[in-house]
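Heads up, the thing below is written out as structure tokens.
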Amino acid sequence: MSKTYTSIGKAEKKIDALALATGSRRFVDDFELKDCLHCKLIYSPHAFADIIKIDESPALAMDGVVDVLSYKNTPQILHTSAGQGFPEPSPYDQYLFDKVVRFAGDRVAMVVAESPAIAETAAKKVKIAYKLRKALFDPERAMDADAPKLHGKECYTPIGAAYDPQRNLAAEVDLGFGDLKEGEEAADIVIDETYKAHYGSHCAIEPHSVKTYFDDEGRLVILASTQVPFHVRRIVARVCEFPLAKIRVIKPRIGGGFGGKQEVLLEPLAALVSIRHKRPARLVLSREEVFRNSRTRHPVRVRLRSGVKKDGTITFLEMDSLLNSGAYGSHALTVLSNCGSKVLPLLNKIENMHFLGRSVYTNLPVGGAYRGYGATQGYFALNQHLDILCRRLDIDLPEYIKKHHIREGETSKIFEALGEGKTGVQQFVNSCKLDECIDICTREIGWYGKRDKKIRSGDKVRGVGLAVAMQGSGIPLVDMAAASMKMNEDGSFNLDIGATDIGTGSDTVLAQIAAEVLNVDLDAMIVLSSDTDRTPFDVGAYASSTTYISGRAVRKCAEKILEQIIGVAAEMLETSSDKLKLSHAGVKDPASGKRIGYPEICQYAMYSANQFQIQAVASEFVEESPPPFIAQAVEVEVDTVTGAVQVLKLVSAVDCGQAINPKLAEGQIEGAAVNGISYAMTEEYIFSGNGRMINSSFKNYKIPTAADLPEMKTVVVPSHEPSGPFGAKSVGEIGINCPMPAIANAIYDAVGVRLYEAPFTPEKVYRAIRKQQEVQ
Amino acid sequence: MLDGYLPAKLSEALDMMAECDCIPFAGGTDLMVQHARGSGVRPCFDKTLLFVSALKELKTFDLMGKTLRIGAAVTLSELLENAATPQIFKEILRQMAAAPTRHMATLAGNICNASPAGDTLPYLYAMDAEVILQSRNETRVLPVADFITAPKRTQRKNDELLTGIRIPAAEFNVESYRKLGQRKGMSLTKASFLGLASTANGRIEDIRIALGSVAPHIVRSRKIESKLTGKNIKDIPGILQELQKDYSALIRPIDDARSTAAYRKQVSLRLIRDFLINCMLKKIP
């Protein structure tokens with residue numbers, strides 16, 4: 001790190017921190033709208049049924065009930081709720097309201113009333129008659145000839161991907177290279193195991209929320225808690241049959257998304273209410289509704305079959321992933337793809353490899369985007385598989401991974417073969433500090449000294465586990481981001497970005513990039529983000545893309561501004577641009593020793609001669625997606641009497657390139673690690689026999705409290721990605737990938753039981769320990 | 001309707017109880033959740049609320065001889081702060097809910113809620129605690145174990161207010177409390193175990209075992225306990241199987257969103273074993 005930066009690498013405070021802490025900046029539901037209508041959705045109690053009749057009259061007869069929406073009075077346009085690039089890689093299989101309900105929690109109708117209390121009461125009065133159909137709950141049976149079919153022939157994928165609703169097949173990926181048979185013949189042992197990643201909820205503290213109204217120019221304003229404001233505008237325009245030019249989407253402050261708000265679920269409904277009644281509308285979900293009716297992590301069953309030589313060389317690897325998409329195919333293809341494409345390239349020396357992935361429909365809650373996006377599910381399998389392999393061959397796991405993982409200058413055939421919904425892009429890894437990450441983990445957790453030692457105190461036994469992962473930085477050849485900047489006469493800059501800060505700190509990080517280019521303090525940046533009227537386009541906050549892609553756009557834009565500033569300065573100083581140097585918030589002529597500050601430069605450009613506005617627009621579209629790398633190690637203590645597992649310590653060491661803001665990068669990693677621990681230890685959808693989630697509240701669906709969390713050590717390893725803005729790669733998702741497999745590996749290390757399915761509840765661990773004792 | 005009354009004196013409260021059908025409301029930490037309606041909508045009560053948490057007469061906390069007397073409006077946090085509260089009881093209280101809830105919630109409320117998962121109940125059963133019920137014309141005292149008749153059901157009459165709890169003193173030299181929850185704090189109990197014993201010279205003088213959340217009521221059996229009283233600790237292993245069988249007949253848990261019946265039962269029996277063997281054997285001189 002020879003280069004010294006003024007803003008990059010500094011733990012600047014989030015630019016919205018004080019305003020958030022004092023409550024002056026607002027979340028969607030903080031905006032008070034006059035004469036607002038309140039909406040309440042009505043959901044199906046049945047997993048699969050035809051709606052025979054909806055009788056709205058008892059609700060409409062109530063004082064204060066304004067409207068009831070259902071399939072009868074809303075546009076019937078097939079679409080996907082997935083907020084992705086257009087045309088979306090997800091199948092078009094949803095209507096705003098349908099005549100068929102496909103999971104317990106599918107929406108049936110929506111009551112519109114003068115107050116939330118009236119809406120709640122009226123929602124119970126709408127009479128709905130159903131004709132039940134036989135439901136499908138087991139994804140393994142989904143493609144059977146006699147399985148109930150969820151969707152009809154009218155559904156389709158706009159990108160022409162593999163899709164067959166007649167077989168409940170929402171997506172399919174089938175690719176490979178080399179020769180599996182040859183690989184199998186060369187193997188000394190074959191390891192064939194199946195791992196299951198389960199349902200999970202994003203648990204963003206702010207629930208899905210939207211408010212809509214017409215402004216004084218008659219344009220429809222949508223205040224949305226969303227990760228994808230521009231996709232919201234596009235999808236609302238299409239499914240509400242309302243001109244895109246008349247829609248303005250504003251994203252205020254957001255209380256977390258984690259993928260759950262990369263979904264356009266509520267915005268069209270509130271928009272329709274405003275359109276129908278010319279009044280503001282509010283639709284805010286309760287926690288129960290978020291659990292049951294929004295989106296989840298896709299459960300994936302991953303079977304890994306590999307052949308290994310005695311020295312550890314993998315002669316072939318076969319991954320068979322079955323993704324349970326639930327009732328609709330939101331993100332069904334792309335999460336499935338990432339289960340392979342973000343996981344398999346890690347072991348790029350394997351010559352014979354095959355990936356078969358299928359996403360199937362079931363009458364259960366709908367999957368969607370969720371931090372990790374398929375990689376989490378894939379790495380749960382791969383990291384346990386490597387632990388099993390190393391134990392079978394008596395090889396040290398960390399040393400094994402260091403020997404076999406992809407390195408700088410190397411590529412993987414998977415990069416090219418598998419993208420997101422289409423073929424991928426060939427790319428070489430230009431930065432990889434995974435060895436350093438692994439060494440930090442083994443040192444900090446005390447690997448050599450604890451591994452295999454089964455340190456016991458009373459009925460409690462300790463163990464250690466390790467896992468590694470890579471992710472990506474945006475979707476190459478798909479994602480685009482743009483920035484627009486202009487200069488003001490006090491030397492401040494408006495930075496308008498489509499990028500969507502959902503609590504991640506991207507407003508701050510992107511401002512730091514611009515401040516670095518222009519050599520100014522961070523507070524010279526006035527950031528406006530995610531307003532479809534005021535800011536240029538950006539795909540939104542997903543796919544770990546913002547720092548890398550939006551960051552590159554901001555850097556490019558700031559460089560254009562800088563060029564103009566220097567041009568004006570040259571005119572003022574009567575010299576040529578190439579002779580000038582930047583000094584803090586100003587420009588210096590080293591020859592004459594003269595310095596002029598940014599305010600003077602801007603004032604000159606505005607008022608003095610050859611007047612023009614110093615301004616620029618830039619956008620970026622990338623051809624590569626440099627992977628960040630992570631190693632995470634845990635120490636656990638297993639109570640053999642109760643089966644309770646306590647994670648004692650978790651170490652994360654990450655290569656995210658140059659951390660633009662190390663504090664925020666650490667925050668992302670720690671947040672993701674807690675998210676991962678929670679998913680591994682307690683989070684679980686529990687269903688009744690008829691497919692209804694029975695623990696849809698924080699009372700029974702637990703995420704950890706501070707008391708449950710382990711000691712956390714987080715290390716950002718120095719690294720530099722040549723293609724990234726100031727060397728940066730992504731960091732938002734990767735930290736969720738390893739806690740679950742690392743904990744599974746550590747539980748095995750402690751008590752010798754292998755848990756192929758999480759969460760690692762006391763019930764499950766207890767049962768596994770007892771079963772093992774019975775076998776012995 | 002959200003009608004509520006804030007009586008200034010206990011006598012006023014008892015008049016209210018006599019004259020109208022109302023819900024005594026102390027901390028409200030159960031009532032507010034039970035009456036929640038939906039997002040952005042206030043809880044709705046079908047009866048008048050009688051707010052009792054400010055009644056001075058119910059904020060008392062004292063020792064009468066060796067009996068601890070706790071007023072019905074004393075919060076869990078106040079119990080935790082009081083030096084007279086036994087250590088084992090404090091350990092139970094510390095694992096209940098979270099600090100903000102404990103600042104509001106009362107012991108009396110936990111009793112009246114009459115949940116088999118009520119965290120204070122195993123202790124109150126084990127200690128033979130009693131409740132004081134007052135109406136305008138009568139005061140009666142009942143053991144907690146008799147007061148609670150079934151899940152969510154008590155012997156409190158409509159005009160009665162639970163005004164206090166009495167916990168008779170007892171000294172123990174073996175104490176063990178284990179709460180199994182989905183996490184460490186703010187977690188409802190999957191199963192809980194309380195074992196209290198006093199031993200002298202390797203003999204059991206007094207032993208009490210209570211389990212929560214593993215049957216429709218708190219499990220405590222004096223009959224089984226009497227098999228242990230007077231025994232030498234070293235003889236426990238010889239009768240352990242019989243004791244576990246006895247308890248097994250009483251432990252009748254259910255499957256729910258928090259755990260499974262099978263786990264609750266097996267782990268309860270293991271915790272009994274752990275207490276009788278591991279905790280008690282340490283006391284052999």
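Chain naming here is simple, since letters A, B, ... match the order of the sequence lines and numbering starts at 1 in each.
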B:Met104 CE: over 12 foreign heavy atoms closer than 6.0 Å: no

query: With only heavy atoms counted, which part of A:Leu285 is less than 4.5 Å from chain B, the side chain, the backbone, both or neither?
result: backbone

If the cut-off is 3.5 angstrom, what donor-acceptor pairs do you find between chain B and chain A?
unit_1	atom_1	unit_2	atom_2	d
B:Arg178	NH2	A:Asp639	OD2	2.9
B:Gln182	NE2	A:Asn700	O	3.0
B:Arg183	NH1	A:Ile703	O	2.2
B:Lys184	N	A:Asp708	OD1	2.6
B:Lys184	N	A:Asp708	OD2	3.4
B:Lys184	NZ	A:Gln646	OE1	3.3
B:Met186	O	A:Lys702	NZ	3.0
B:Lys190	NZ	A:Glu763	OE1	3.1
B:Lys190	NZ	A:Glu763	OE2	3.1
B:Ser259	OG	A:Glu763	OE2	2.3
B:Tyr263	OH	A:Thr642	O	2.4
B:Gln266	OE1	A:Tyr766	OH	3.4
B:Arg270	NH1	A:Thr640	O	3.4

- prompt: Heavy-atom distance under 4.5 Å to chain B: side chain of A:Pro207, backbone, both or neither?
  reply: neither

query: Nearest heavy-atom pair of B:Ala257 and A:Ile686: which atoms, and what distance?
result: O-CD1, 3.2 Å

Heavy-atom neighbours of B:Lys245 NZ exceed 12 at 6.0 Å: no

- request: Using a cut-off of under 4.5 Å on heavy-atom pairs, state which of A:Pro116, A:Ala119, A:Ala706, A:Gly458 scores highest against chain B.
  value: A:Pro116

field: Residue A:Phe137 excluded, over 12 heavy atoms near CZ under 6.0 Å
entry: yes

